[in-house]
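Here is how names work: the chains are called A, B, and so on, in the same order as the sequence lines, proteins then strands, and each is numbered from 1.
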Amino acid sequence: MALSGVEIFKHLPKTNCKECGHPTCLAFAMKLAAKQANLDSCPYVSKEGKEFLSSASAPPIRPICIGHGDGSVKLGEETVLFRHEKKFVNPCALALSIDDSLPDTEILKRIDGVKTSEIERVGQKLRVEMISVGHTSSDPSRFSAVVKLIRENAPKIPLILNSKDPAAIESALPHCKGARPVIYAATKDNTEAMVKLAKENSAILGVYAEGLDALSSLTEKIKGMGLDDLVIDPGASTPRRMIEDYTMIRRSAIKKGFKPLGYPIITFTSSKDVFAESMKASIGIAKYASIIVLDSIERWKMLPLITLRQNIYTDPQVPMQVAQKIYKIGDANEKSPLLLTTNFSLTYFIVQGEVENSKVPCWLAIMDVEGLSVLTAWAAGKFTAPKIASFILESGIGDKVARKELIIPGYVSILSGALEEKLNSDWKVVVGPREANALPAFLKNRAA
Amino acid sequence: MPFVVPKENYTGRIYTVEIGTGEKAVKVGGANTLPYLGFEGEIPNPPAIAIEIQDIPAKDWPETLKKPFDGVTDDPAAWARFCEKELGVGIIALRLISTHPDYGDRKPEEAAKTVEAVLGAVSVPLIILGSEHVEKDTQVLKVVSEAAKGRNCIIGKAQEENYKTIAASAMANNHKIIAMSQLDVNLAKQMNILLMQMGFDKERILTDPMSSALGYGLEYTYSVMERIRLAAIVQNDPAMQPPLVSDIGRNVWKAKETIASESDIPEWGSVEERGITFEAVTAISMIMAGSDLLIMRHPKAIEIVKKTINELMER
Ligand code: SF4
């Protein structure tokens, strides 16, 4: 919660000694509120005042970094509840659960699944980032051996050590030196031992308690013991409780400045049914989870989940655009038709999809109109005959096609006369359909 | 510092819209809280799912999607009956795609015959969708509206360019209407207001803010819907309180992600499960953003989403 200048002023010495370089304490407080000054410039602020002000200016959800080096993941730091207000900051991490009761061959297979999980979508490389090591064997030495096996085979992948038994965690931690794993979890029954292990090994501590009352008391207690790098789990196991609990957590942290819940959320979506797990994971992605631990990561399942994460974490302020150029769809050659539309990414995706569906290879001329759709761009004067003509002529596409024919969107049929005039005399303008869904029929007819 | 439930007080409520007749009638909307925040309001009706059928055989649908309807898509009435009886679906959405000038240009009267046949075959509520060709829809939806009189259907979609005739005939024949606009909070509101200004009861409108598939602009639809729902519930704006419709099936099953075979793109895995999950994930995201009624295509995707809806309705 950001404090106002007046609220900050209340905690300053009010002596106006000017040592901070500002004429009065109030002036300094205003600068602090605007984040144009640093509290350290005042040598006289009391210890209590300093503590209050620095905790009030800390991000409402604590930034947490798990792992080390280029495989590490950053979580937390979120500032809003709805993505249209401001970009969601750190995309949630996806983790695969690997249980220590599995045979080594199966474990190696699953490690490999994580290492090869990368999918490329609209220029971004996306993957499953973490592994959670489960402990159902109830043998600490087996747990330790499995953690060692995973560390040897996937040294860059951050780990969640999933056991409530401090002895198991202690036996596994030597394999995670400097690797900042998550210990999952501290509960009311093992708090002291887990906090000690997390502190000694600079690990992140997962905190589990059923319900938000119990969870906030427990995180407060742990913070009192000097540990603040936490991820939290209120034990929400149904879709309804996930939405309610996670919303309450995010709201308490952001709108009420309630520190005991100002940590990233970890969730386990394990379900009997593989499809049900995709549903719970989707809810976690949309509704504020920061780590989602999955039972399985089949490729067909990860493509939709990774796509959803990408969509939810896209910056809402920037209109999605694609680059201005002539795109080649299919095996387009000199006989292929040339279509024109704008660079609003949604327009592009839809038109490109329909052209692909038609199976007619085409040239798709995408014009930069600052990411507006056809009608909006035309209304805004960015999609006019002279501008289109110069784009087409400068693109050099005229040399690649035998028939100099430009198919324009049906919504701007009004431009066809003027456009034909602006293009050189050897060009012809054809009015295409208004809606992209009519493109396959249109293209097939022309090809016939 | 003890934890205090961060409850907010809302004044708005979504209108409850009932469709269909008799025992099989379905109510949508009615919530007075943001999606599934049951600790601060009520959610009387679960989001409803309609299955989409069309008035021509599903020849150009992807394989994954054709399979569950094998042998029934030649006849819309048989197809609809199959959906109600065999699949147990609670609402049918009939798209009159063949009335589009590019897909057969069938006459309004032919479309009315199809609608009558489908209505004769099922007792669940029917959503009647045109081809979204602005001019043709005015002619078609007027005639089919009359043909469906007395069945309390949803007629769609009315757009800014053609809403007058469509709304007038929906009104005259006692149907509900879908008001469609293009991905913009203000346009969605404007469309509802235009209908209200011509005397269309605001509690008989459903808003379609334009759906998109996962990966193809979903984030725009998602945020537009969240903003509409905030305006309805938090700001109590009566022009934003109609239930929200998500017409996702046709967008999802056009995406490469649901069509490309595993041999074409091995890193995407099995095409069948992938397509189904793609539709189900799109649906659940729309539900998170406030959708009250979804129009979907794959029976398995519908089944998966319904299970999750049941869990969402349990406290
Ligand atoms: S240094 Fe501190 S006490 Fe002195 S004027 Fe600045 S804020 Fe006030």
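Under a 3.5 Å cut-off, the side chain of A/R83 and the backbone N or O of B/E219 do form a donor-acceptor pair. In this structure a side-chain-to-backbone donor-acceptor pair under 3.5 Å is present from A/R121 to B/G215. Judged by distance alone, with hydrogens and angles left aside, the side-chain atoms of A/E244 form a donor-acceptor pair with the main-chain N or O of B/G38 at under 3.5 Å.
Within 6.0 Å of the NZ atom in B/K66, the count of heavy atoms belonging to other residues, nucleotides or ligands exceeds 12. Around CH2 of A/W378, the count of heavy atoms belonging to other residues, nucleotides or ligands within 6.0 Å does not exceed 12. Annotation for B/E160: atom CD does not count as buried by contact number, only 12 or fewer foreign heavy atoms lying within 6.0 Å.
At a threshold of 4.5 Å between non-hydrogen side-chain atoms, the residues B/V185 and A/H84 do not count as touching. Side-chain atoms of B/F3 and A/M248, non-hydrogen and from C-beta on, do get closer than 4.5 Å to each other. Counting heavy atoms from C-beta outward, A/I283 and B/T308 have side chains that approach closer than 4.5 Å. Side chains of B/I284 and A/L308 form no contact here, defined as non-hydrogen atoms less than 4.5 Å apart.
Interatomic distance, CE of A/M242 versus CG of B/L312, reported as 10.0 Å (0.5 Å rounding). Note: B/L214 CG to A/Q310 CD = 9.5 Å, rounded to the nearest 0.5 Å. The distance from atom OG of B/S285 to atom NZ of A/K287, rounded to the nearest 0.5 Å, is 11.0 Å. Here A/Q352 contributes atom CD and B/K256 contributes atom NZ; the two are 5.0 Å apart, rounded to the nearest 0.5 Å. Distance check: B/E267 CD to A/E118 CD gives 10.0 Å after rounding to the nearest 0.5 Å. For the atom pair CD (B/E303) and CZ (A/F275), the distance works out to 9.0 Å, reported to the nearest 0.5 Å.
Residue A/L375: no heavy atom, backbone or side chain, is found under 4.5 Å from chain B. Heavy atoms closer than 4.5 Å to chain A are found nowhere in B/V224, neither backbone nor side chain. Of the two parts of A/I119, only the side chain, counted from C-beta on, holds a non-hydrogen atom closer than 4.5 Å to a non-hydrogen atom of chain B. Using a 4.5 Å cut-off between heavy atoms, B/P266 contacts chain A through its backbone alone, with no side-chain atom that close. Within the 4.5 angstrom heavy-atom criterion, no atom of B/I265 approaches chain A. Residue B/K307 touches chain A through its side chain alone, counting heavy-atom pairs closer than 4.5 Å. Looking at B/L183, only its side chain comes within 4.5 Å of chain A, counting heavy atoms on both sides. Neither the backbone nor the side chain of A/R241 comes within contact range of chain B; no heavy atoms are under 4.5 Å apart. Using a 4.5 Å cut-off between heavy atoms, B/H133 does not touch chain A at all. For chain A, the nearby part of B/K7 is the backbone; its heavy atoms alone come within less than 4.5 Å. Contacts between B/S270 and chain A at a heavy-atom distance below 4.5 Å involve backbone atoms as well as side-chain atoms.
With respect to chain B, the highest number of heavy-atom pairs below 4.5 Å among A/D273, A/T314, A/L212 belongs to A/L212. Ranking B/Q182, B/E262, B/E8, B/E257 against chain A, the residue ahead of the rest is B/E8, based on heavy-atom pairs under 4.5 Å. The candidate with the highest count of non-hydrogen atom pairs below 4.5 Å against chain B, out of A/T238, A/L305, A/D213, is A/D213. The greatest number of non-hydrogen atom pairs below 4.5 Å with chain B, out of A/L346, A/L303, A/T376, is found for A/L303. By number of non-hydrogen pairs under 4.5 angstrom with chain B, the leading residue of A/S217, A/S117, A/P260, A/S282 is A/S282. In terms of heavy-atom pairs under 4.5 Å with chain B, the best-connected choice from A/E354, A/M302, A/E298 is A/E354. When the candidates A/A441, A/S252, A/S278, A/G353 are compared by the number of heavy-atom contacts under 4.5 Å with chain B, A/S252 comes out ahead. Ranked by heavy-atom pairs shorter than 4.5 Å toward chain A, the options B/S223, B/S131, B/G217 are led by B/S223.
A salt bridge does not link A/K280 with B/E311: every distance from a Lys NZ or Arg NE/NH1/NH2 to an Asp or Glu carboxylate oxygen is 4.0 Å or more.
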What do the steps show when you test A/N311 against B/Y222 for side-chain contact (heavy atoms from CB on, under 4.5 Å), and what is the final call? CA-CA 9 Å; A/N311 283 175; B/Y222 185 92; over 6 Å; no

What do the steps show when you test B/E273 against A/K301 for salt bridge (Lys or Arg N to Asp or Glu O under 4.0 Å), and what is the final call? CA-CA 8 Å; B/E273 279 107 333; A/K301 174 168 151 194; over 6 Å; no

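Using the six-membered ring where Trp is involved, B/Y216 and A/F349 have ring planes that are perpendicular, over 60° apart on the 30 and 60° scheme.
A pairwise comparison of heavy atoms in B/Y220 and A/S345 identifies OH-OG, 3.9 Å as the closest pair. Among all heavy-atom pairs drawn from A/M279 and B/I304, the shortest one is CG-CG2, 3.6 Å. A pairwise comparison of heavy atoms in A/F258 and B/P2 identifies CE1-O, 3.6 Å as the closest pair.
Qualifying side-chain contact (heavy atoms from CB on, under 4.5 Å) partners for B/L37, counting only residues two or more places apart in sequence or in other chains: A/I243, A/T247, A/R251, B/Y10, B/T33, B/L34, B/F39, B/E40.
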